[in-house]
Chemist: 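Structure in structure tokens, see below.
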Amino acid sequence: MHRASTCVMERLLRPRHGFRLDIQPAAPGFAQLGEAGEVPEANARDGPDDLDANAGDEAINLHANDGDEPGIGIGDVLEADPENTAFVLARIIDLFPALARGYATAANAVKVPVVLHGIEGRYASALYAAAAKKQALEAVESDLKQVKAVVEKDAKLRQFLENPTINRNEKKDGVKKMLSVGKYSDLTKNLFDTLAENGRLYDTVKIINSYDSLMSAHRGEVQVTITSAKELEAKDVNKIKGFLSKSAYVGPKQTLVVSNKVNPAILGGLVVEFGDKTIDLSVSSKVNKLNQLLQDKMRLSAGTSIAITLALASVGARASAQEAFHEELVLKPLQDGGVYSHFQFTTHLAWPSDASDSIDARQRLFSHYNLFPRSIGQVLQSFDVEELHLTFTQGRWQYKDWGYHLAPTAGTGVELSAWLQDNNRTDENWKGLVNTLSGLFCASLNFIDDTITVEPRLSFRNEGAYNVHHHSRSSAASPNSARLRYGSLPHENVCTENLTPWIKLLPCKAKAGIASLIKSHKLFDSRFYSMAIHVRPVCEDELCTVKSLEFVQSISTVIDVAKGTRNSDWTLDSLFERQIMEACPLASSSNVVVILPGGKSAEGTYELSPAPGKHSIKDIKEDNHRVAVYNLLERYTMQSNAGAFELALRWTKDLAESKVDVPGVVARRYFTGYGQERGGLTIELHNYNSEPVEALYFDALPWFLKLYLHTMTVQVDSLAVNDLGDIVLAKYYQPAIDRASPAVLEMKLRLPAQAMVKFSLQFDKVFLKYTEHPPDANRGFDVGCAVLTAFLPRGQGQIGFGGLDYLRSYQGRDQSLLNSGLEQVRIYTEPLMVSLPTPDFSMPYNVITLTCTVIVLFFGSMFNLLTRAFEAVEPKKTK
Amino acid sequence: MYRRADAVRAELSNIGLKAATQNYTLTTSVDTKSGVNTYAVFNAPRADGTEALVLSAPWISKDNQLNTNGIALILSLAKNFRRHSHYARDTIFVITDGDSEGIQAWLRAYHGIERTAQDNHEESLHVRSGAIQAALNLDFAGTGDYNAIGIFFEGVNGGLPNLDLINTVNEIGVHRGWTVVLHDKIIPATDNLTRKYLNALHNMLYMMKYQASCHPSANHGFFHKYMIDAITLYGVNQAEGSYYRFSVHQIGPLVEQVHRSLNNILEHLHQSFFFYLLSDITRYTSIGLYMPPVIILGVSFILKALSMWGVSGDLATDMKAVEQLAERESKEAAGSGGGEAAAAVAASNNNNNNTNNSGSSATAFASLPFSRRPRPMRVAVSVIGLSLVAGLASFQLFTSTFGFAGETLLVKLVASVGVCTVMVFAGVSSAMIRQQLLLKQREGKDKGKEKKAKEAAASSLSSSSSSSSSSSSTLPPPPAPAPDWVLLKTFILAMAALEVTTLSALNFSLAVSIGVLIAVPYLMFQPTHNHVLRILQLGTLMAMSPPGLVLWASYLLEMDVSAILHWILQGYEVMGTWLLPTICFVYWPLNLASIVMILLPVS
């Protein structure tokens, strides 16, 4: 199209030899990968040995007819790749799928032209290999196309394939019947037999799509999508096609299939999606970058002398230790008259890039402190902590009314999870960490002892953007041999004494910037209050050339503005009873982000003042919302006497009856039964999606509930499920040990579309020793929240997408890693209370005890007197 | 019905609570009941939701009026709660349908034990909260004013809530200038001691009446089963008397304050204030005081049973004859002269049972003390067994549906009376026949035995030496066995003691009423030759039998017999009261066995 941009494109499309050299030594399996393309097999490994392999290994053998050919056995479900090599491999594939594609028309027919992931990928690959051997690739393709057409047309058939309550054998017979009608090749029939046997019929359409992509790769087609502001002319398209086909990514026999998408939001230029690779040459992204540059410049040139020195200091600090501090406040008016506010304070500290040895790197990382709080740094250093998440919560998050929260919060009480280096001091370090944090935050964290601490096997995986597991949804162990520890105290009250030390960790404390809004009286009088610190390593760019250690402090609250009235207007002052007088001078970015209610349609029903500038309103289509951004840094550096930042939202019409962001997945858990002897536990998981959703369930139950796993029943929409394996893909259960460790139940689940899955379990209550009762014995014992980790596509009731990384774009940091398709959302159930048999510690009990003691005393002495014969003993004569 | 439930649900969700409705269907042997409950959860903003309190109101009040003020209170309290954030516990508002089925259906579903059968069905709950700590049921009929607040507290099967709950309401009520009374009777204060005493007695008996009937006095009674303390606040509206009247606006703050007190409690109410009798709202009788009477009742049965057991084994029923004999012997001994004879008498008194060395006649040694006679228990055991079977059969008759035309409770009552009559007839006739057979057998034997006895006496006379050797050689004839009625009565009394004492721990008032009712007749009645007396006794027992009591009740309360039966059966089937099982398994068998006992021959 335009010379300059095509030039750039050409340059970009040239293979990056430099990078190749970089990663080769780190990846011993690289050569193999390029040649054979057997990566998923190498990666896919069974989960930890103690995982109850419900879903087990699945042997995919499509050569059932010719017995001499071996089937391809593939490990299932847990795409676990804890080894470093596998980790790096997976990462490379994520970044450069084109490399893995290899040569499409390779001589060996068993080789698959494109390596595909997931269950559907494996089935499709196996089918492709089998078909290639039999030279029936096209025949199978046409079969599958026919099947797909039928399935897409016939809703009943689709339901039959997807319904987990139907027995596997019934399904098998049904599919046989379906295939007996038309003329299908043996391979197709075998495929469906296998799918029915393995209970994977629900993936039929996905498998067919995967096979299609394999076939298109086989034919040498490469999909190219070009996004432009206006529709491109044919000659421009051809020009781009010509450049692309010359690039090293396109093999000699490959053809390009180009499609053109129109998106006016990119303003101008092009975005080329080439396989899995995206080249962003759009004007909008350039404008963004320029904006960022301008802002940075402005901070240096404008403002008073003090501001300059402060800014210089901060820039200088950044130059030396590459540290930066960002403060953001996200406000979202909720449908029920409340306002969700999320304070996030991010400090990131660049990780020395040349450091290969992590211990050395850590030492240098914590040798000098500017913005990063020293108390946290020392804790991390002395207890070998890789990742740390500590959350204090009060109240309950109402998923159905509010959707999902922006950044991870936790269930009521205190939750602590940490990845500790795997050395022989791990448990000791955990104890030390717990006790230190207990002192640091004035909380009873030291009560997280062995009877509470657990090591989740499936849930609570590593976070941080550079971690490939974050994107691949897998549940493997940490890449660099770290151990996870998790503990929670459901009945811990959160109060100002916890908030004060938290504020002390901020560079500007609560004196300036957004943090000056923090007023404990107002915050604690809210419907939900969650205060957290998160420490995690992240990547600063897509290729992860710069890593940094990120320290995030966040407070999320839901303040009830309406309080039962119809008036839900608010100002910052009415919400927090404080004002922002200036941005924190140490901050590199300081933004107030308002998520506007109801998207575009609700415009005109409310009035936001000060009105946001045109360029500060953003439409985020994927999440179905608009945001208004107020840059405080700009405001207070541009105008020396800007005064208080008075943000207000006033409803001009009655609260819009816009549709509530229905959360995709909701979990409930409650006790059943009554009496002090036994009880039941019921877990209800609702999936409101039109697609099945994979989720991880985690529950740690205290030892005094004797769980009976054999009593577990599963119902889908109150119909009993025949085959547990259709719902529970993997299960991990660690039985409790009395007075030593809790019971842990973890399940990897597949929640059917628009259905409620209900688990119920029975348990016995333990009769405690009387010394084990707390002083308030009759209150009952708290049982912490269960956690459901669901992997959801965008726009599922999430307030924002990306969790802690949501605000990266406002901080001027690269957020390209965010564009993964699914977000991991942790849903907490309500905490529960169980009453155990309690002795009556009151008057009658004391009377009985006293009486018994007295009786025993008298009886004993009387008995002694009556039964013993008393004789006079003559003293022995001593010589 | 559904529309009014849905209207309230809409109102509650408008306030900002999570509200839902619950359908239920309950099928009993008599009819099918269905209805819709409405419930809503107020999530305390800052709490963790592990604990909850319940405020409930039935659609229909105790007085069969619409519970307008009660439901209005629920709605306005819900609105008020929404504005505050100080609550430590969630509050669940429940508006229940039906008499008592509604609240039961809701409680079952809340505790996850809902039934899903077609004819017995409770919908699962969509909104939940934590463990329920306490419940207040509001029953304020109509839209008018009230004289006082009445507290109903008796639960199913005589269960009681923690007394602290009642005390709390009283404290708050008195503080606010309310008249708080027990139940629905305003009793004017007097200085007359006798009057006071009678008033207190009246209150206590009123309470015991509820307990003994096993029926709860209002809807709160169903919470007790789930270990939830609950009472009903009732608006007393008496036309007579010049009492100060209170509007519903004054009740709201009172309920709010009681709710707040419950909200502030740190632990579940737990001090052992579950065993009490209330004679006044501020005065209670503790378990230590009320248990001894019922224990004494039980012990009286036990003592009588023990004495009967002793008597049944003893041959010597006539102590005077023994004394006369002893006198005569001593005279004889004195006449014949010699301390030897006196010594022998003493010896015979001391150690020997069956023989008498100085024995004058065969009848003498049969009437001596401590002589044993056999205790054939066959009749007693089989009668008791049969009467239990008859009780079980009538229970089955009452609780099952046969589906023939004209099947009513009255027919069932007649049928069970028939079963019981057959049982009595069978018991009595077989016992009589057995008696006759035994008598004949005995007569045949006695003729032979008399001879032997005379010979033995003669030989013992001739040999004036020690008795032990001779006794072994010449056995006296086996004494006549104890009469069947004695043993039967022993069994009946023992069972009565067992049942009254056991029941007293479970439902004190029921145990007391049964005990008082049966004490005199069961202790005193026994078969006589006097036909008038026998018929009188029989008549009393008949009047005391369950059918007799039902007739009495219908006569005294001017109620239909079938209505009374319906009430009892519904209590069992809908509320799960123990009244019907107690009658069928405890009371009726005893009564039947007593009737048989009266009809048995005297000896």
Side-chain angles (χ1 to χ4, degrees), chain A residues 336-338 393-396 398 400-401 411-413 490-491 493-494 524-529 558-560 562-565 668-676 679-682 684 718 758 760 775-783 785 830-835 838 840-845, chain B residues 13-18 41-52 78-86 88-90 107-114 116 123-133 223-228 265-275 286-288:
Chain A
D336 66 348
T393 309
Q394 173 192 282
R396 285 153 286 171
Q398 309 287 346
K400 276 207 164 167
D401 300 343
T412 314
H491 194 55
N493 287 315
V494 187
F524 286 110
D525 187 21
S526 57
R527 296 187 67 186
F528 179 79
Y529 172 84
V558 174
I559 294 173
D560 194 4
K563 291 231 169 185
T565 61
R668 287 205 300 174
R669 185 184 64 162
Y670 52 88
F671 281 136
T672 59
Y674 58 94
Q676 303 202 308
L681 184 72
T682 301
E684 285 181 13
S718 64
K758 187 167 161 183
S760 24
D776 51 350
N778 285 280
R779 205 192 79 85
F781 290 80
D782 288 278
V783 177
C785 311
E830 306 87 349
L832 295 174
M833 204 177 68
V834 61
S835 64
T838 316
D840 191 347
F841 289 111
S842 57
M843 245 285 286
Y845 177 77
Chain B
S13 33
N14 243 356
I15 292 169
L17 308 187
K18 291 190 179 118
V41 175
F42 164 65
N43 285 318
R46 294 159 60 195
D48 56 3
T50 54
E51 296 164 85
K79 208 168 221 168
N80 178 53
F81 288 179
R82 184 71 179 72
R83 286 188 212 120
H84 300 286
S85 59
H86 61 259
R89 297 186 168 127
D90 286 1
L107 277 169
R108 287 184 76 89
Y110 194 86
H111 289 91
I113 48 171
E114 63 265 31
T116 49
E123 192 183 339
S124 297
L125 299 189
H126 304 290
V127 190
R128 279 170 192 281
S129 181
I132 300 173
Q133 302 293 313
F223 285 90
H224 299 166
K225 178 181 167 192
Y226 302 92
M227 291 172 61
I228 301 163
I265 296 169
L266 289 177
E267 299 176 55
H268 197 270
L269 287 171
H270 66 276
Q271 301 296 341
S272 306
F273 275 141
F274 298 101
F275 307 103
S286 89
I287 185 167

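Just so it is clear: chains get the letters A, B, ... in the order the sequence lines come, proteins before strands, and each one is counted from 1.
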Chemist: Is B:Leu266 close to A:Arg779 at the side-chain level, that is, under 4.5 Å between some pair of heavy atoms?
Modeler: no

Chemist: Heavy-atom pairs under 4.5 Å with chain A - which of B:His126, B:Arg108, B:His86, B:Gln133 has more of them than the others?
Modeler: B:His126

Chemist: Report yes if the side chains of A:Val558 and A:Ser526 come closer than 4.5 Å at any heavy-atom pair, otherwise no.
Modeler: no

Chemist: Tell me every residue that passes side chain to side chain donor-acceptor pair (under 3.5 Å) with A:Asp525, counting only those two or more places apart in sequence or in another chain.
Modeler: B:Ser85

Chemist: Is a side-chain N or O of B:Arg89 found less than 3.5 angstrom from the main chain of B:Ile265, in a donor-acceptor match?
Modeler: yes

Chemist: Checking heavy atoms, do the side chain of A:Thr412, its backbone, both or neither come under 4.5 Å from chain B?
Modeler: side chain

Chemist: Go through A:Glu684, A:Met833, A:Gln676 and name the one with the most non-hydrogen pairs under 4.5 angstrom from chain B.
Modeler: A:Met833

Chemist: With a 4.5 angstrom heavy-atom cut-off, is it the side chain or the backbone of B:Leu125 that approaches chain A, or both, or neither?
Modeler: backbone

Chemist: Within a strict 4.5 Å, meaning less than it, do heavy atoms of the A:Leu681 and A:Val783 side chains meet?
Modeler: no

Chemist: Side chain, backbone, both or neither: which part of A:Ser760 has an atom under 4.5 Å from a heavy atom of chain B?
Modeler: neither

Chemist: Side-chain contact test, heavy atoms from C-beta onward, threshold under 4.5 Å: evaluate it for B:Asp90 versus A:Arg396 and give yes or no.
Modeler: yes

Chemist: Select one option (side chain, backbone, both, neither) describing which atoms of A:Asp782 are under 4.5 Å from chain B's heavy atoms.
Modeler: side chain

Chemist: Considering only heavy atoms and a distance below 4.5 Å, find which of B:Arg128, B:Lys225, B:His84 pairs most often with chain A.
Modeler: B:Arg128

Chemist: For the interface with chain A, which of B:Gly16, B:Ala131, B:Gly49 has the highest count of heavy-atom pairs at distances below 4.5 Å?
Modeler: B:Gly49

Chemist: Non-hydrogen atoms of chain B under 4.5 Å away: do they reach the side chain of A:Tyr529, the backbone, both or neither?
Modeler: neither

Chemist: Under the side-chain contact (heavy atoms from CB on, under 4.5 Å) test, which residues partner B:Lys18, sequence neighbours left out?
Modeler: A:Gln398, A:Asp401, B:Asn43, B:Val127

